[in-house]
Every structure is written in C-alpha cells, then in structure tokens.
Amino acid sequence: MVQKWFEEAKLGIFIHYGIYAVNGIAESWSFYNGRISHEDYMKQLDGFTAKNFDAAKWADLIEKSGAKYAVLTTKHHDGVALWDTQYSDLNVVQKTPAKRDLIKEYAEAITKKGIKLGMYYSLIDWSHPDYPSVYEGGKVPEDLSKVNKFSSPVDGVQDEEKWKRFLEFNNNQLKELLTNYGKVDLLWFDGDWERSAEQWNLPEFKHYLQSFNPDIIINSRLQGHGDYKTPEQGIPITRPEGPWEFCTTINSSWGYQPADNEYKSLKQIIRMFCDCITMGGNMLLDIGPMEDGTVDKRQEDILLGLGKWISTHEEAVYNTTEGIHTRYYLGGSTVSKDKKSLYLFVYDDPKECICLKGLSNKINKITVLHSGKELDHEIHGGVPWFNIPGTTWIYMTPEDAHEHVTVLKLELEGELDMYGGSGAVVTHN
C-alpha cells in the first residue's frame, strides 16, 4: 500500500552523486562495460573531496524546485558507499579525502525542510568479492565467454555460501541506512535484474525492510515486489496501472559529466512534468552534482525555473488528480480534488481559441491562472435532450499565454462530467 503523500507529491528530485563525478565518467557502467579498468575507476576515490558539499544548500534548492521528496544514491553498482558503513571500507569516509558521512548530512538537511527522505541503494555490488558468486536464477549459461566477471563466476561454478554472505551484507548495510539517519520514507532500489526474486530472498527481504518502518515505500525494482512503477527516460504513452513515477535526467547523464551538453530546455522539462501529472504520476528529475558537491548552474537554473512555474500554478499541481483524456482536449490537464475545477495545460500559443470536447457541465468561469484574466467561451452544437454536449471554444490569444506553459482554470457547475459516447442521429428537431 503506497502512502498517500507519494501520490500527492507530483515531483521528486533524484541525485546521482559519487566518485564517478571526479573524471566525469558513467557511474559504475564504465568499468563494467570495459571502457575503463576497475583499478582506474577506483583511482577516482583519491580525487573525491566533497569540499563544497553543503546539504542545506541542496535541501534549499530541492524545496525551491517544488519537489516534495528527494532520492540520493547512497551506493551505486560500484559499491562505493557515501556513508560511514561498518561492513565495508569501500566508503567515502575511509577511502576518500572527503572523510565525511554525506548521508548523515543529507538526511538531516532534507528532513529539516520537511521534504520526504528517499535513499537509492544498488542491490548489486560489482566490487564486492562475494557478489559474482551465482548466475541469474541459478542457471549456468552455455557460453561462459559472455559472462561478465563483475556479476557472475567466469568458471561455471556457483558458490551459494558466498551468495548468502552477500545477502547478509546487503541486509546489514540497509539496516544502517534505515536506523542511523532518522525515518527513511522511500527506498529506491536498482539492479534487481541480475538475480531472481528467489535469489533476492523475496518476499522475506521486503518484510525485513518493513520491520524498520512499516510505512516505507519501495520502488518497482524488486523483482515484482515493489510498490510503484518506475518508467525511465521515456514518458509512458499509456498510463501505467497504479502509482507510478517517471525518472529522467536533465541532460542525458545521471551523474555529472562535464562533456554532456545535451540539456533539455526549461520549457521541455515543464511540459514533461505536466504530461506526468496529467496521467496521475510523479516526475523524479535527476541532478548530478560535481565532485566537490556543487550543482552545475544549468541544472540549478532548471530546478529554480520549474519551481517558479509550479508556485505560480500550484493549485493546478498539488491537491489535484489526473486529468481528462487527450481525446477530449489535445493537451495536459488535472482535476481538483472536489472535481469542480478542471485545469487545462496549454502548451502552445493558440491561433484563436482552445477546443474542449465532451464537457457536459456548465462552465461558470474561465481564468488564466498566472494573470487572473477572465476568458470568454462559447459552445457550438450539442444535443441536450440526448445529453450530448457541444464543442467548447475558449477564446485565448497569444498575449494571454504564459512564457512556458499556460494553465486555464475552468470552474464548473457540479462535479466534472465528461461524455464518452460516439454521438447520435438527431431526431425531434
């Protein structure tokens, strides 16, 4: 059962922070895929200073973005922990010049702001000696030459004892995260695909996590045992069933890569956000801080711009439910909790008017949310005695538009009622 706060949050901020920011290379995958040796990858430990890391600044930025929760990579697939774990010396406190428990500082700052606390944790650990001890589902592949040494044994021999030890290691690290840093609201797992649900000891593993906090929310990456879906990088075309969250990057990298200049514009990010809430989902927008802990100004500007747009239009964002189908209106929308207001997201500047089909309610008033300006509308057609509504034309000009996305508020008589039929032959004229 997903907590109510999650479905009402609308926006979360994802933070990929780790030693991979030192050389600005792909987090973990760069050595797994052989682009760099594991040894060279780990040399980045020496350059990780976090000298300008200021968790309060991060929390302030996240608050200003309009996000209601944050998720930080406590440990990626490379096995490098950002906290003072007692179960491995591969952590930033013992192995880097940073010598700080970054998770402690992050958890305190986020919690202080009243933002829900999320922790990303990689189930797989490509640096742990006990991890590459078995194959997915316990099946030895026919072609051992294709086995990656970081994830499974290259000799075809499985060691169940080692695997049990690794699961205990994960349990211990997760216990630290769930008991040493106050209440953790959300666990964001990654890497479940390399082992089966049985190998991850599910559902017992989930019960173990819930024993620390029965209200904890766990994402979908738990071999079918998660609480909500996490489509990544591609906005769903069909609304996923149940609660969901779209995770995406601001440019095309999760962690900080200085050479990645493929930034999405603020307009694009706002529009993607509107698309998510139209379908009743959240957006988890990722930033990748630099090695020293500072956030690239381009990423900061996007978060601040998004926050500014949300605060101007917050009644159309928070305390709303998913919108109407695009067959009624060719844009995004949300509906107020009492179902008496419909908010239309206008993505482009209209030539003459906005078209809304299938609305059975009488409209009492239409306003442009950011300016308060009232707009006129007229209804053409319709067959009232068959309860078939006409087409609503809302008169709006480019001058009425917001610089990014315009929101129109339609105040309705009664609760929203949309007609879904295919029309009828008009008789009794």
Side-chain angles (χ1 to χ4, degrees), residues 10-11 64-66 234-237 239 246 248 250-251 262-281 283 285 298-299 301-318 320-336 341-359 361-382 389-412 416 418:
K10 314 293 184 183
L11 180 66
K64 284 178 177 156
S65 76
I235 295 179
I237 302 304
R239 184 211 194 287
F246 167 62
T248 190
I250 281 183
N251 48 11
E262 276 186 59
Y263 275 79
K264 300 171 183 77
S265 69
L266 176 58
K267 279 186 175 64
Q268 289 170 335
I269 294 277
I270 293 172
R271 180 159 174 172
M272 289 160 72
F273 173 64
C274 290
D275 283 349
C276 289
I277 65 174
T278 292
M279 289 196 285
M283 180 156 92
L285 182 62
R298 292 170 292 181
Q299 302 194 10
D301 287 347
I302 294 270
L303 262 54
L304 294 172
L306 176 58
K308 191 178 170 192
W309 183 88
I310 289 174
S311 70
T312 304
H313 302 96
E314 59 181 39
E315 71 168 278
V317 175
Y318 307 124
T320 59
T321 57
E322 63 194 89
I324 56 175
H325 202 279
T326 49
R327 64 184 179 220
Y328 296 121
Y329 169 65
L330 294 171
S333 57
T334 52
V335 179
S336 62
S341 294
L342 171 64
Y343 301 95
L344 301 181
F345 301 137
V346 184
Y347 294 139
D348 304 300
D349 295 351
K351 296 285 185 202
E352 178 189 49
C353 33
I354 301 298
C355 176
L356 174 64
K357 293 171 283 192
L359 179 68
N361 308 68
K362 177 177 180 286
I363 300 171
N364 291 332
K365 189 181 178 185
I366 301 176
T367 42
V368 181
L369 212 51
H370 74 276
S371 66
K373 181 179 172 181
E374 268 193 62
L375 298 182
D376 293 326
H377 74 283
E378 48 186 47
I379 295 162
H380 292 173
T391 302
T392 303
W393 299 96
I394 301 166
Y395 285 92
M396 177 184 167
T397 66
E399 289 74 51
D400 298 320
H402 185 275
E403 61 173 322
H404 299 309
V405 169
T406 315
V407 182
L408 302 185
K409 178 184 184 180
L410 279 63
E411 294 172 50
L412 311 171
L416 176 70
M418 302 301 293

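The figures here come from the full heavy-atom set of this structure, side chains too, leaving out hydrogens, waters and symmetry mates.
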> Rounded to the nearest 0.5 Å, what separation is found between the OG atom of Ser65 and the CZ atom of Phe273?
Replying inline: 9.0 Å
> If you measure from CD on Gln299 to CG on Leu304, what distance do you get to the nearest 0.5 Å?
Replying inline: 12.0 Å
> Hey, does Ile235 have a side-chain heavy atom less than 4.5 Å from the side chain of Met279?
Replying inline: yes
> If you look at every heavy atom in Glu411 and Ser341, which pair is closest and at what distance?
Replying inline: CG-OG, 4.2 Å
> Which heavy-atom pair separates Ala316 from Leu369 by the least distance, and what is that distance?
Replying inline: CB-CD2, 4.0 Å
> Parallel under 30°, tilted from 30 to 60°, perpendicular over 60°: which one fits the rings of His380 and Trp393?
Replying inline: tilted
> Should Asp376 and Ile366 count as side-chain neighbours, where that means a heavy-atom distance under 4.5 Å?
Replying inline: no
> If every non-hydrogen atom of Leu303 is compared with every non-hydrogen atom of Leu285, which pair is closest and at what distance?
Replying inline: CD1-CD2, 3.9 Å
> With distance as the sole test, does Lys10 use its side chain to make a donor-acceptor pair with the main-chain N or O of Gly66 at under 3.5 Å?
Replying inline: no
> So does Glu262 have more than 12 non-hydrogen atoms from other groups sitting under 6.0 Å from CD?
Replying inline: no
>> Within the structure provided, determine whether His313 and His402 are in side-chain contact (heavy-atom separation under 4.5 Å).
In response: yes
>> Before you tell me yes or no, could you show the steps for Phe246 and Asp275 under side-chain contact (heavy atoms from CB on, under 4.5 Å), namely the whole-Å CA-CA distance, both residues' side-chain angles and the distance that decides it to 0.1 Å?
In response: CA-CA 10 Å; Phe246 167 62; Asp275 283 349; over 6 Å; no
> Hey, does the side chain of Tyr318 reach the backbone of Ile310 with a donor-acceptor pair shorter than 3.5 angstrom?
Replying inline: no
>> With side chain to side chain donor-acceptor pair (under 3.5 Å) as the criterion, how do Asp400 and Thr397 come out once you've worked through the C-alpha distance, each side chain's angles and the decisive distance to 0.1 Å?
In response: CA-CA 5 Å; Asp400 298 320; Thr397 66; 3.2 Å; yes
> Between the main-chain N or O of Ser333 and the side-chain N or O of Thr278, is there a donor-acceptor pair closer than 3.5 Å?
Replying inline: yes
> Do Lys267 side-chain atoms and Tyr347 backbone N/O form a donor-acceptor pair below 3.5 Å?
Replying inline: no
>> If we check side chain to side chain contact (heavy atoms under 4.5 Å, CB included) with Leu375, which of these qualifies: Ile354, Thr367, Ile394?
In response: Ile394
>> Evaluate Asn361 against Leu342 for side-chain contact (heavy atoms from CB on, under 4.5 Å), listing each step before the verdict.
In response: CA-CA 11 Å; Asn361 308 68; Leu342 171 64; over 6 Å; no
> Side chains of Leu356 and Thr391: closer than 4.5 Å at any heavy-atom pair?
Replying inline: no
> Does Lys308 NZ have over 12 foreign heavy atoms under 6.0 Å away?
Replying inline: no
> In terms of heavy-atom contacts, does NZ of Lys362 have more than 12 from other residues, nucleotides or ligands at under 6.0 Å?
Replying inline: yes
> So how far is it from His377 NE2 to Cys353 SG, rounded to the nearest 0.5 Å?
Replying inline: 12.5 Å
>> If you define the side chain from C-beta out and look only at heavy atoms, does anything of Ser336 sit under 4.5 Å from Tyr343?
In response: yes
>> For a 4.5 angstrom cut-off between non-hydrogen side-chain atoms, does Thr406 reach His370?
In response: yes
>> I'd like to check Phe345 versus Ile270 (side-chain heavy atoms, cut-off strictly below 4.5 Å). Are they in contact?
In response: no
>> Quick check for you: to the nearest 0.5 Å, what is the distance between Ile250 atom CD1 and Arg298 atom CZ?
In response: 10.5 Å
>> So Leu11 and Leu306, do their side chains get closer than 4.5 Å, heavy atoms only?
In response: yes
>> Checking the side chain of Lys357 only, and the main-chain atoms of Tyr328 only, is there a donor and an acceptor separated by less than 3.5 Å?
In response: no
>> Nearest 0.5 Å, please: how far is OG1 in Thr334 from CD1 in Ile277?
In response: 5.5 Å
> What are the two closest non-hydrogen atoms of Cys274 and Val405, and how far apart are they?
Replying inline: SG-CG1, 4.2 Å
> At what distance, to the nearest 0.5 angstrom, does OH of Tyr329 lie from CG of Leu408?
Replying inline: 6.5 Å
>> Pair Met272, Lys264 - check side-chain contact (heavy atoms from CB on, under 4.5 Å), show working.
In response: CA-CA 10 Å; Met272 289 160 72; Lys264 300 171 183 77; 3.9 Å; yes
